[in-house]
Protein chains: 2
Amino acid sequence: MKKYEMILQDLEEKIKNKTYQENDLLPSENELVKIYDASRATIRQALKIMEEKGLIQKQKGRGSVVIASSKLNFPISGLTSYRELQDSLGFKSETEVIKFEKITVDSELAALTLLEIGTPVWYIIRTRKIDGEAVVLDTDFVKYDICPDMTKDDVAYSLYDYLEKQLKIEISFAQKEITIDFINNEDREQLDLNPLDRHIVSVKSHVFLNDASVFQYTESRHQVDKFQFTEFARRQKR
Amino acid sequence: MKKYEMILQDLEEKIKNKTYQENDLLPSENELVKIYDASRATIRQALKIMEEKGLIQKQKGRGSVVIASSKLNFPISGLTSYRELQDSLGFKSETEVIKFEKITVDSELAALTLLEIGTPVWYIIRTRKIDGEAVVLDTDFVKYDICPDMTKDDVAYSLYDYLEKQLKIEISFAQKEITIDFINNEDREQLDLNPLDRHIVSVKSHVFLNDASVFQYTESRHQVDKFQFTEFARRQKR
DNA sequence: CAGTGGTCTAGACCACAAG
DNA sequence: TTGTGGTCTAGACCACTGA
């Protein structure tokens, strides 16, 4: 393991431990240099990541404050898959695979997915049940060439788990869009919706690999009262 | 201006210019060292920021690819205020200040805002109109001590503009939560809602200063069909 | 004032991608 | 094999904070 990762891990542990408490200052960078026998640049790399994660807030001339994140409810934000989310919250959940087939991108689909016309893709539709109630409808288009041997069972568990852990594919970033759409016939068919509801939350994502190519397009449709999205956001300097 | 900021600005300009086109590789870090007469660490600092902004994707052993962001619709994400959003989209918008008064945080409000009981705060309610239609209802609690001289006119234009540009307050980060709530009486009163709608999008934010203290709590309630949220998210390594 | 984090330099070795 | 980005070092000066 890299040195800055070890330092990072140790500092995170000590924050969980309450060795460093909320609103305390961490040891100064120069002290951390001595503690971990590392250069200041290496220490700063670890601290940078902690700042991005929302664990500390650095202040020039003062030090690094441990952020009172326990006051805040939730992991923090980012690109999180359904299973990870459920695991972290401890809900019982099931996935039903409605459709699992190989198709080819046509012109209409190309505009939606940003994949090129003619690209073979897996076309996957799944419902997600929590406590027996179908609350999420997922539609996925995944580049076939990346994962030709994928099976129905793999996607029933977790698509991301299969791609990242089994195939060691490196997912790099995603562009997401959240909007509120009208409920359509398929939503009614597949989900357990309140008859009075007219709307559904739609989360559309383009997911990219390390080489900056699109490899997946997903739409997740969530029952409105089961939906929650949290984000830790740093203010952009312009 | 700092050296890495100048390099950053120049590279961003050259991407907008199409000097460096989408899916092209930037010059290598060692070439950039020569071009800008800087150390590699300084070059890397500029590139790091570009990667975080979603402008480039770095690849070990290959180089830095310019991301095809023009395929994607929208600025990118982050903590964005209403006026900035409207400016960037070129909509005509008006703000009406419904309430603007000084109150003191009681125990109920303390739990909501994470401010301490007894803290004096500005209590502000505003509606946002686009093309004459009231679509957003904002409720703000802002620490009074930070901005005692604030006026109704300041918040009618833009709260963030006043705090950041006039008072030079440095907003550091925010924790946001998006949920779908039931429409309440105040929503009906203040917003131009479809009578058939039962739900509204609620965006709740705790906003923090550089010293990691809460200084504002905001709830924005958006008419469902006018709401859109986009995010550029990098995959977290665990 | 002393100590902090922010910026910058010049060098080094490594793992990885591509030809 | 060559060149890339990733990691790491040892040093330096600066602007800022708080006593």
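Side-chain atoms are counted along with the backbone in the values below, which use heavy atoms only and exclude waters and symmetry mates. Residue numbers start from 1 in every chain, and the chains themselves are labelled A, B, ... in the order their sequence lines are given, proteins ahead of strands.
Distance A/E51 CD to C/dG5 P: 12 Å, rounded to the nearest Å. Straight-line distance from the CG atom of B/L32 to the P atom of D/dT4: 10 Å, rounded to whole Å. When rounded to the nearest whole Å, the span between CD1 of B/I49 and P of C/dG6 equals 12 Å. Whole-Å rounding puts the A/D211 CG to D/dG5 C1' distance at 16 Å. As a whole-Å value, the separation of B/Q57 CD from C/dC16 P is 17 Å. In this structure, B/L26 places its CG atom 13 Å from P of D/dT4, rounding to the nearest Å. The interatomic distance linking A/E31 (CD) with C/dA2 (C1') rounds to 13 Å, in whole Å. Taking atom CD of A/E29 as the reference point, atom P of C/dG6 lies 6 Å away to the nearest angstrom.
In this structure A/Y4 satisfies the ring-ring contact (aromatic ring centres under 6.0 Å, His included) test with no other residue, sequence neighbours excluded. With sequence neighbours excluded, no residue forms a ring-ring contact (aromatic ring centres under 6.0 Å, His included) with A/Y162.
No side-chain donor-acceptor contact under 3.5 Å links A/S205 and A/Q175. For the residue pair B/S202 / B/E219, a side-chain donor-acceptor distance below 3.5 Å is found, with atom types taken as modelled.
Residue pairs meeting the side-chain hydrogen bond (donor to acceptor under 3.5 Å, both in side chains) criterion with at least one member in residues 114-123 of chain B: none, sequence neighbours excluded. The side-chain hydrogen bond (donor to acceptor under 3.5 Å, both in side chains) analysis of residues 142-154 of chain A, with sequence neighbours excluded, yields the pairs A/T151-A/D154. Within the structure, the salt bridge (Lys or Arg N to Asp or Glu O under 4.0 Å) test picks out the following pairs touching residues 29-50 of chain A (sequence neighbours left out): A/E29-A/R40, A/E29-A/R44, A/E29-A/K58, A/K48-A/E52, A/K48-B/E52.
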Where protein sits on nucleotides 14-19 of chain D, one letter per nucleotide: B base, S sugar-phosphate only, - none, heavy atoms under 4.0 Å:
--BBS-
Output a table of donor-acceptor pairs, distance under 3.5 Å, between side-chain atoms of residues 99-109 of chain B and any protein atom two or more places apart or on a different chain; print 'none' if there are none.
residue : atom : partner : partner atom : Å
B/D106  : OD1  : B/E108  : N            : 3.2
B/D106  : OD1  : B/L109  : N            : 2.8

For residues 207-218 of chain A, which side-chain N or O atoms pair as donor and acceptor with protein atoms under 3.5 Å away, sequence neighbours left out?
residue : atom : partner : partner atom : Å
A/N210  : ND2  : A/E170  : OE1          : 3.2
A/D211  : OD1  : A/S213  : N            : 3.1
A/D211  : OD1  : A/S213  : OG           : 2.7
A/Q216  : OE1  : A/Y160  : OH           : 3.3
A/Q216  : NE2  : A/D140  : OD2          : 2.7
A/Q216  : NE2  : A/T218  : OG1          : 2.9
A/T218  : OG1  : A/D140  : OD2          : 2.8

Quick one: which protein N/O atoms are closer than 3.5 Å to N/O atoms of nucleotides 8-11 of chain C? Pair and distance per line, please.
residue : atom : partner : partner atom : Å
C/dC8   : OP1  : B/K3    : N            : 2.5
C/dC8   : OP2  : B/Y4    : N            : 3.2
C/dT9   : OP1  : B/K3    : NZ           : 2.5
C/dT9   : OP2  : B/S39   : N            : 2.6
C/dT9   : OP2  : B/S39   : OG           : 2.9
C/dT9   : OP2  : B/T42   : OG1          : 2.7

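Taking only side-chain nitrogens and oxygens, A/R44 never comes nearer than 4.0 Å to OP1 or OP2 of C/dG5. For B/S28, no side-chain nitrogen or oxygen approaches OP1 or OP2 of D/dG3 to under 4.0 Å.
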